[in-house]
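These notes concern the structure reproduced below.
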There are 2 protein chains.
Amino acid sequence: MAEARNEPVRADARQNRARIIEVAQKAFTASGDVSLNSIAKMAGVGPGTLYRHFPTREALILAVYRHEVERLAAYAPELLEDHPPLEALRLWCDRLAYYGRIKHGLADVLHALTDDGLAGETYGPIIGAVTLLLRACEDAGDIRPGVDPDDVLLMLGFLWRISPGEEGEARAARLLDLVVDGLRAGAPNL
Amino acid sequence: MAEARNEPVRADARQNRARIIEVAQKAFTASGDVSLNSIAKMAGVGPGTLYRHFPTREALILAVYRHEVERLAAYAPELLEDHPPLEALRLWCDRLAYYGRIKHGLADVLHALTDDGLAGETYGPIIGAVTLLLRACEDAGDIRPGVDPDDVLLMLGFLWRISPGEEGEARAARLLDLVVDGLRAGAPNL
DNA sequence: TTGCGTACCGGAGAGCTCTCCGGTACGTTC
DNA sequence: GAACGTACCGGAGAGCTCTCCGGTACGCAA
């Protein structure tokens, strides 16, 4: 169970690694078939550097994916500091939706990787984030008690199936309103 | 159900296609990561020709695989013409074993393709071949009646797990003797 | 601060994938 | 058998992947 993430020792190496991931994220979401060469150039490093950090294309994609998940999970506590719980929940869902639509573009590549322990690595942090938000909402009395994080994610499953674009944005927002409204404390049913 | 195999119209094109498959088969079984360039060169055609017939590496591998299966299935009736049924069965099993060990080398690549309707395309012809051989043996009274082709293939499953090489050959032959002996008419048990 | 060991950088380059297109020769028609 | 349309060939080449290695500068110790 030793979490063997290969974080470099030297500061410049860590910076390079982070910059590559950042650039790769934008590049990959724009189009799936970007050359690793061009990503290296955009990140201001040589091909050799990129390939030392990420030996294969898959490795880079995986790193981007992991990074996204981590940021998404870390976003929940940040939101709770600056917003009332229910609003934080709603904002977080917006971002989850955005993330879902983005990931949709990478789905082809990602699909080949899901054999690994990727699913667990993904849903763990995400469920943690949802749990945190729900508990805050419950404590504030904003939503009905006893809402299960898993249920929320289940309901939010549709976000993954909305394709990116102008229209998708609007549609996701509309459906999210419905879901969040349904969770509210004053909601009629049940 | 329209079998849309893209057989070329012109004779030279068909020859080229066949030669490429033949060369690719040898090349792939020798090592999985042969360059398509070198295969084209070995087949005496330009890269352009190879890529027109097989747009991607996967397509070529798939074609090789299909070709092998077809030849294996066609081998059964050939054997029955030249040999007594039980001997034919045994010879066919030898070849199945050989094929199984070869395919073992391609397993990595093949694994990614098994999502398609490949399984059906494989086992259909193979089961047909086994059925043919078993019926001939039954008619000749060489084996006990009521042997199911599926059962035979099931028993022969171990062939796929024997790795290629000198030692593997001998081992496969020994185990095959056991199985075929078990099928015989005069066998004691049951 | 200076000096040292080494982790790390990044460009040159070999080799591959895949495309484009002028030329060739196959099959057909008369 | 001769002439024609086109299916097909195959090499040149652009661009990519991945490696190797001399050089750089980071972290550390004194």
(message) For a quick test of reading the model: is some side-chain N or O of A:Arg10 closer than 4.0 Å to OP1 or OP2 of D:dA25?
(response) no
(request) Take atom CE of A:Met42 and atom C1' of D:dC16, then tell me their distance rounded to the nearest Å. (result) 14 Å
(request) Quickly work out the A:Ile61 CD1 to D:dT17 C1' distance and round it to whole Å. (result) 14 Å
(request) When you get a sec, tell me which of C:dG11, C:dT19, C:dC9 is the closest nucleotide to the side chain of A:Asp12? (result) C:dC9
(request) Go through C:dG10, D:dG10, C:dC8 for me and flag the one nearest to the A:Val45 side chain. (result) C:dG10
(request) Using a heavy-atom cut-off of under 4.0 Å over every strand shown, decide if A:Pro47 touches base, sugar-phosphate, or nothing. (result) base
(message) I'd like to check B:Arg144 versus B:Glu138 (side-chain heavy atoms, cut-off strictly below 4.5 Å). Are they in contact?
(response) no
(request) Round to the nearest Å and state the distance from A:Ile20 atom CD1 to D:dC18 atom P. (result) 14 Å
(request) Ignoring backbone atoms, test whether A:His53 places a side-chain nitrogen or oxygen under 4.0 Å from the OP1 or OP2 oxygen of C:dC9. (result) yes
(request) Just compare D:dT19, C:dG27, C:dT17 and give me whichever is closest to any side-chain atom of B:Ala11. (result) C:dG27
(request) Measure from CD on A:Glu58 to C1' on D:dT17 and round the result to the nearest Å. (result) 15 Å
(request) On DNA chain D, check which nucleotide each of A:Ser35 and A:Arg52 is closest to and give me the residue with the more 5' one. (result) A:Ser35
(request) Check the distance between C:dT17's C1' and B:Lys41's NZ and give it to me in whole angstrom. (result) 14 Å
(request) May I ask you to evaluate whether A:Asn16 reaches the phosphate of C:dC8, defined as a side-chain N or O under 4.0 Å from OP1 or OP2? (result) no
(request) Check the distance between C:dT17's P and A:Asp33's CG and give it to me in whole angstrom. (result) 18 Å
(request) Please report, rounded to the nearest Å, how far the C1' atom of C:dG10 is from the CD1 atom of A:Ile39. (result) 17 Å
(request) Provide, to the nearest angstrom, the distance between the CG atom belonging to B:Leu60 and the P atom belonging to C:dT17. (result) 11 Å
(message) Less than 4.5 Å apart, side chain to side chain, heavy atoms only: is that true for A:Leu133 and A:Val152?
(response) no
(request) State the CD-CZ distance between A:Gln15 and A:Arg10, to the nearest 0.5 angstrom. (result) 11.0 Å
(message) Taking B:Arg135 first and then B:Asp139, would you say they form a salt bridge - that is, a charged N and a carboxylate O separated by under 4.0 Å?
(response) no
(message) Can you tell me which nucleotide in C:dC9, D:dC8, C:dT19 comes closest to the side chain of B:Tyr51?
(response) C:dT19
(request) State which of D:dC8, C:dT17, D:dT17 makes the closest approach to the side chain of A:Leu36. (result) D:dT17
(message) Under a 4.0 Å threshold between the charged nitrogen and the carboxylate oxygen, would A:Arg184 count as salt-bridged to A:Asp181?
(response) yes
(message) Can you work out whether B:Arg14 or B:Asn37 has the more 5'-proximal nearest nucleotide on DNA chain C?
(response) B:Asn37
